[in-house]
Amino acid sequence: MFEKKSTEDDDIREETALAGSLLNGIPSTDTIDLSRLFTQDLTLSGSFDVSAIKKTTFGKLLLALPVPAFLVDEAGDIAFCNEALMKLSDDRRTLEGRAFFSLFPDAEETDRARASVERIFKERKPLLRQGRMQVGNRTIWARIYFRSVRLEKERAILVLIEDLTLEKRQLELMQTIERAKKEWERTFDAVSDLIATVDEDYKVVRLNKAMAEKAGVRVQDAVGEPCYKLIHGTDQPPAFCGIRKILTDGKEHSYEYYEKNLGCYFRETVCPIHDDSGTVIGCVIVARDVTGRKKLEKELQTLANHDDLTGLLNRRQSRELLNAAFEGSRRYSHPLSLCILDMDNLKEVNDKFGHHAGDEVLIRVGEIVKAELRRSDFAGRYGGDEFIIVFPNTPIRGASECMERIREALGGSVFHAGSVSYNIGCSGGIVEYVDGDISPDDLIRRADRALYTAKEHGRNRIVLDGTGRRP
C-alpha cells in the first residue's frame, strides 16, 4: 500500500483552505492541486479511480459543500455530483455519467460549454460563464464557475453552479416595470391632450408632459399637489369639478369649461378608478384644449349670422331676433321701436366712383351703428343699402334720438375717391309697437311708409311712424 505522507492535521488544514477557496469565489491560482488529499486513497498501482470519489476526503468535502458542484472528466462526462445539486434537481443521481454538454438546452449554449471545457483542459485557466442550463426537469439561469483540478495523475474540471433564476426573474420584472414606465411616459408624453391620474384626495399621482407644460410646472413638482390648485389656482375644487361628482356617483363625466387661470377652453373627461372591491380610489383626467375650436365656432357663428361687409347681423338673423323681441313686447307689454334706414343717393356714388366707394360707405354705416347702439339693441343689413335697427324696451322717442346721432355721424363723415371728397346722408322711418300689430311685418310695413315719407320730404331725415314729422 502506498505510504501516507500527510498527517490528519495536514488534511484538515487542506480541506479548510479548499472549502474557503470554493465558497469565496475562484482562487487566484490556475489549477487546484488535490494530490495530497488523495494520497491516502490511492490504489496499489498509484492510480486514482474517479468513480470512487465519494469515498475520498475530497469527495466528502464536495458532498458537504452547500454550493451545487460537478466534476467533469476529460471525456466531457459528469463524474460526480454533490448533494447541493438537489437544490436544482430531484434526479441528481441520474446526472452522473451523462455528458456535461447535455445540460444545455440549445445548440448555441452547448457549443459554448464544449468550448469552455476544451479551453480549460488545454490552458488550465479558470473561467466564468453565464447562461441557461437544463438540470433535470428545471431550466435555470446560472452563473457557472469552471476550475481545473489535478487528481494525482488524472485531471478534471470542477464546476460550481450559482442559480440566478430568481434573481434574473426579479431583474427582468424590474426591467419590465421600468420599460412599462418609460413606455407610459413616451406614449402619454406624445399625446397633446392633458392626462393625469388623481387619487381620492384630488392629489396628482401621475401626469403627462402636456399637462405639466400647460400648468407651467415640472412633472416631478406636480406629483402630490392638489389638481385644482395646479390647474385652477384655487384652494378647493370648482363647482363643475368632475372628480367631485365621481366620488359621489362613481360614473364617468364629460364637460366643457373656460379656465380663466390658463386662458383656455377645455373639453374634459373624468373616468373613475376602482379598487378590487369596487370602491373609487381616484380617477383619470383627460383634458383637451378646445380654445381653437371655440374660436372657430365663434367665427363660423359670426359668419352664419352676420353680414361680412358691415359686421352687422344678416337679414335672417335680424328677423329671428326681431320675432323674439316682438313676442316679448306683445306678451309683457314692453315698448319696442324699429327703424328702417336707407342711404341717400348711394346708387349715384356707385355709378360715379365704383362699387368699392359704395362699400366704404356701407362699412362706415356699420361702424357708426355699432358705436351708437346699446348692448340690448341690435341692427342688421336688411338688403343692399337698407338697414333694420331694433330697440327693445325703448319708446319711439328714445329710438329717434339714437337714430339722429347715427344720421349726423354719417353726414359728418368724409369719403374720398381719388382727389374727390364727398359726403352722403341717410333717411329713416321709425315706428313703435302698438296693440294692433299682429306680427313684426306690421312694424316693418309702417317703418317702410315712414321711410318713404322721409324720402319725399327731401331725404337726410328721420321720420316717426309715417307722420312726416322730424323728431
Backbone N/O of Met133 and side chain of Glu109: donor-acceptor pair under 3.5 Å: no
Answer yes or no: is there a donor N or O on one side and an acceptor on the other, between the side chain of Thr279 and the main chain of Asp275, under 3.5 Å? no
Mind checking what makes side chain to side chain contact (heavy atoms under 4.5 Å, CB included) contact with Ser329, not counting sequence neighbours? His334, Leu336, Tyr433
Applying side chain to side chain contact (heavy atoms under 4.5 Å, CB included) to Val369 and Thr310, what does each step give before you reach the verdict? CA-CA 10 Å; Val369 169; Thr310 64; over 6 Å; no
Would you call Glu268 and Phe240 a side-chain contact if the rule is heavy atoms closer than 4.5 Å? no
Check whether Asp385 reaches the backbone of Gly358 with its side chain - one donor and one acceptor, N or O, closer than 3.5 Å. no
Applying side chain to side chain contact (heavy atoms under 4.5 Å, CB included), run through Trp141 and Gln130 and close with a yes or a no. CA-CA 7 Å; Trp141 184 265; Gln130 284 193 20; 3.5 Å; yes
If we only count heavy atoms from C-beta on, is the Tyr255 to Val270 side-chain gap below 4.5 Å? yes
Hits for side chain to side chain contact (heavy atoms under 4.5 Å, CB included) against Ala357, two or more places apart or cross-chain, chain-then-number order -> Val349, Phe353, Tyr422
Quick check for you: to the nearest 0.5 Å, what is the distance between Glu83 atom CD and Leu65 atom CG? 12.0 Å
Spacing of Ile144 atom CD1 and Glu162 atom CD [to the nearest 0.5 Å]: 11.0 Å
If you count every heavy atom of other residues, nucleotides or ligands that lies below 6.0 Å from Lys295 atom NZ, does the total exceed 12? no
Once side chain to side chain donor-acceptor pair (under 3.5 Å) is applied, what residue pairs with a partner in residues 194-207 remain, sequence neighbours excluded? none
Using the test side-chain hydrogen bond (donor to acceptor under 3.5 Å, both in side chains), find all partners of Thr165 that sit at least two apart in sequence or belong to another chain. Asp163
To the nearest 0.5 Å, tell me how far Gln170 CD sits from Leu164 CG. 11.0 Å
Flag yes if more than 12 heavy atoms outside Arg169 fall under 6.0 Å of its CZ atom; otherwise flag no. no
Give a yes or no on whether a salt bridge exists between Arg364 and Glu360, defined as a side-chain N under 4.0 angstrom from a carboxylate O. no
May I have the step-by-step check of side chain to side chain contact (heavy atoms under 4.5 Å, CB included) for Val390 and Leu443, ending in yes or no? CA-CA 11 Å; Val390 182; Leu443 292 175; over 6 Å; no
Donor-acceptor pair, distance only, cut-off 3.5 Å: does the side chain of Asn82 make one with the backbone of Ala69? yes
Side-chain heavy-atom pair Ile368, Ser413 within 4.5 angstrom cut-off: yes
Residues in side chain to side chain contact (heavy atoms under 4.5 Å, CB included) contact with Arg119, at least two apart in sequence or another chain: Glu123, Leu127, Arg129
Any Cys339 side-chain heavy atom under 4.5 Å of Phe387 side chain: no
With a 3.5 Å distance limit and no angle check, can you tell me whether Ser337 reaches the backbone of Thr394 through a side-chain donor-acceptor pair? yes
Sub-3.5 Å donor-acceptor pair from the side chain of Arg330 to the main-chain atoms of Ser333, do we have one? no
When you compare the side chain of Ile140 with that of Ile161, does any pair of heavy atoms fall below 4.5 Å? yes
Arg331 atom CZ, over 12 foreign heavy atoms within 6.0 Å: no
Can you establish whether the number of heavy atoms outside Glu327 located under 6.0 Å from its atom CD is more than 12? yes
Once side-chain hydrogen bond (donor to acceptor under 3.5 Å, both in side chains) is applied, do any residues pair with Asp221, and if so which ones, sequence neighbours excluded? Arg218
Which pairs count as side chain to side chain donor-acceptor pair (under 3.5 Å) when at least one residue sits in residues 239-250, sequence neighbours excluded? Asp249-His253
Can you list every pair that meets side chain to side chain donor-acceptor pair (under 3.5 Å) and has a residue in residues 222-235, with sequence neighbours left out? His232-Glu259
Checking Val223, Val198, Ile195 against Leu207 for side-chain contact (heavy atoms from CB on, under 4.5 Å), the one that qualifies is Val223
Mind checking whether Pro68 and Leu160 have side chains closer than 4.5 Å, heavy atoms only? no
Heavy-atom closest pair, residues Ile389 and Ala379: CG1-CB, 3.8 Å
For the residue pair Ile285 and Ile243, establish whether any side-chain heavy-atom pair is separated by less than 4.5 Å. yes
Around atom CD of Glu172, are there more than 12 heavy atoms of other residues, nucleotides or ligands at under 6.0 Å? yes
Once ring-ring contact (aromatic ring centres under 6.0 Å, His included) is applied, do any residues pair with Phe104, and if so which ones, sequence neighbours excluded? Phe100
Dump the intermediate steps for side chain to side chain contact (heavy atoms under 4.5 Å, CB included) on Ile340 and Leu338, then the final yes or no. CA-CA 7 Å; Ile340 300 294; Leu338 178 146; 4.1 Å; yes
Ser192: partners by side chain to side chain contact (heavy atoms under 4.5 Å, CB included), with sequence neighbours left out: none
Once side-chain hydrogen bond (donor to acceptor under 3.5 Å, both in side chains) is applied, do any residues pair with Gln134, and if so which ones, sequence neighbours excluded? Thr139
Side chains of Thr291 and Lys294 in contact at under 4.5 Å (non-hydrogen atoms): no
Show me the donor-acceptor pairs, under 3.5 Å and distance only, between side chains in residues 312-321 and residues at least two apart or in other chains.
residue, atom, partner, partner atom, Å
Asn314, OD1, Arg316, N, 3.4
Asn314, OD1, Gln317, N, 2.9
Asn314, ND2, Ala304, O, 2.8
Arg315, NH1, Tyr382, O, 2.8
Arg316, NH1, Glu320, OE2, 3.1
Arg316, NH2, Ala304, O, 2.7
Arg316, NH2, Asn305, OD1, 2.8
Ser318, OG, Asn314, O, 2.8
Arg319, NH1, Tyr382, OH, 3.3
Arg319, NH1, Asp441, OD1, 3.1
Arg319, NH2, Asp441, OD1, 3.0

Show, in sequence, the C-alpha distance, side-chain angles and deciding distance for Arg293 and Glu297, and conclude whether the salt bridge (Lys or Arg N to Asp or Glu O under 4.0 Å) test is met. CA-CA 6 Å; Arg293 192 200 76 194; Glu297 288 177 354; 3.1 Å; yes
Separation between CZ (Phe70) and CG (Asp77), nearest 0.5 Å, reads 12.5 Å
Which value, rounded to the nearest 0.5 Å, describes the distance between Leu71 atom CG and Glu96 atom CD? 9.5 Å
In this structure, are over 12 heavy atoms from other groups packed under 6.0 Å from Arg288 atom CZ? no
Closest heavy-atom pair and its distance - Leu362, Arg381: CD1-NH2, 3.4 Å
